[in-house]
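Notes follow once the structure below has been shown.
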Amino acid sequence: AQKITQTQPGMFVQEKEAVTLDCTYDTSDQSYGLFWYKQPSSGEMIFLIYQGSYDEQNATEGRYSLNFQKARKSANLVISASQLGDSAMYFCAMREGENTGFQKLVFGTGTRLLVSP
Amino acid sequence: DTGVSQDPRHKITKRGQNVTFRCDPISEHNRLYWYRQTLGQGPEFLTYFQNEAQLEKSRLLSDRFSAERPKGSFSTLEIQRTEQGDSAMYLCASSLVVRGLDEQFFGPGTRLTVL
């Protein structure tokens, strides 16, 4: 069965500093996708970044990058140059299988990030 | 606003009452998902539609829950005889496969409180 583990309930970072949010996963499938979502206090889930299991390069989207270490089954999110607006819950999620078929997302328990001035 | 919308945003009900939530996906998206998120947890998958067909249901979706997506557009999630354990945020997401990526766009959620 798929499982996502986020071991950091909360993280603190100072504005303009970089922060790494940890995520490890467990799957027996060879093909899978890894996602990070941000959930502000308003409740909506905002897609940040995606990494496919066959992607050879780490994904990057602006200030977000995904440190994908397949052998260690980890997919850590790195936020560079933190901003006050980055304060939110962050969820790591996994989807098994190919993109074109139905695949539900399995989420971790989240990490609450607080960015201080 | 062309994002996923959900209505209502908040619902307070008494135990035993029925409630219905609505989700309007992004118009060209053919896939629609429902998730439930309880306090301190990540979202958990409930059910999935491709167009109007309900193709997958989680075991979390007891027989008190029913979801529909008539005509493959908006979707409704009904909970009958609500229980206090049903209190949660109900999230809807829609997606369309683009360049091989099935990115799910989430709505703002409906927060249900069962008294």
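Chain identifiers are assigned alphabetically (A, B, ...) following the order of the sequence lines, protein sequences preceding nucleic acid strands; residue numbering begins at 1 within each chain. Since the model is a prediction, treat every value here as computed from it, not as a measurement.
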Linked, directly or transitively: [X] and [Y] (ILVMFWY side chains, under 4.5 Å):
{"X": "A:Val78", "Y": "A:Ile4", "answer": "no"}
{"X": "A:Met45", "Y": "B:Leu46", "answer": "no"}
{"X": "B:Leu60", "Y": "B:Val114", "answer": "yes"}
{"X": "A:Tyr64", "Y": "A:Met11", "answer": "yes"}
{"X": "B:Phe74", "Y": "B:Phe21", "answer": "no"}

Evaluate whether atom [atom1] of [X] has more than 12 neighbouring non-hydrogen atoms of other residues, nucleotides or ligands under 6.0 angstrom away.
{"X": "A:Lys73", "atom1": "NZ", "answer": "yes"}
{"X": "A:Glu56", "atom1": "CD", "answer": "no"}
{"X": "B:Glu68", "atom1": "CD", "answer": "no"}
{"X": "B:Leu39", "atom1": "CG", "answer": "no"}
{"X": "A:Lys70", "atom1": "NZ", "answer": "yes"}
{"X": "B:Arg15", "atom1": "CZ", "answer": "no"}

Given a strict heavy-atom distance threshold of 4.5 Å, which part of A:Gln39 is in contact with chain B: side chain, backbone, both, or neither?
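A:Gln39 touches chain B through side-chain heavy atoms alone.
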Using a 4.5 Å heavy-atom cutoff, which residues in residues 75-92 of chain B come close to chain A?
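Expected list: B:Met89, B:Leu91.
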Measuring from atom NZ of A:Lys104 to atom CD of B:Glu44, what distance do you get when rounded to the nearest 0.5 angstrom?
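So the NZ of A:Lys104 and the CD of B:Glu44 are separated by 9.5 Å.
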Drop me the distance from A:Tyr37's OH to B:Glu103's CD, to the nearest 0.5 angstrom.
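Reported to 0.5 Å precision, the distance equals 6.0 Å.
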Is it the backbone or the side chain of [X] that comes under 4.5 Å from a heavy atom of chain A, or both, or neither?
{"X": "B:Arg9", "answer": "side chain"}
{"X": "B:Phe105", "answer": "neither"}
{"X": "B:Gln6", "answer": "neither"}

Using only non-hydrogen atoms and a strict under-4.5 angstrom cutoff, which residues of residues 106-117 of chain A touch chain B?
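Within residues 106-117 of chain A, the residues that come under 4.5 Å of chain B (heavy atoms only) are A:Phe107, A:Gly108, A:Thr109.
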I'd like to know if the side chain of B:Tyr35 reaches the main chain of A:Leu105, judged simply by a donor and an acceptor atom lying under 3.5 Å from each other, with no hydrogens or angles considered.
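Yes, the answer is positive, given that a donor and an acceptor are paired below the 3.5 Å cut-off.
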Based on non-hydrogen pairs under 4.5 Å, which of B:Gly109, B:Pro108, B:Gly107 is most in contact with chain A?
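Ranked by contacts with chain A, first place is B:Pro108.
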Between B:Gly42, B:Ser95, B:Ser58, B:Pro43, who has the most heavy-atom pairs with chain A when the cutoff is under 4.5 Å?
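Maximum pair count with chain A is reached by B:Pro43.
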When you compare the side chain of B:Gln37 with that of A:Phe91, does any pair of heavy atoms fall below 4.5 Å?
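They are in contact (side-chain heavy atoms under 4.5 Å apart), so the answer is yes.
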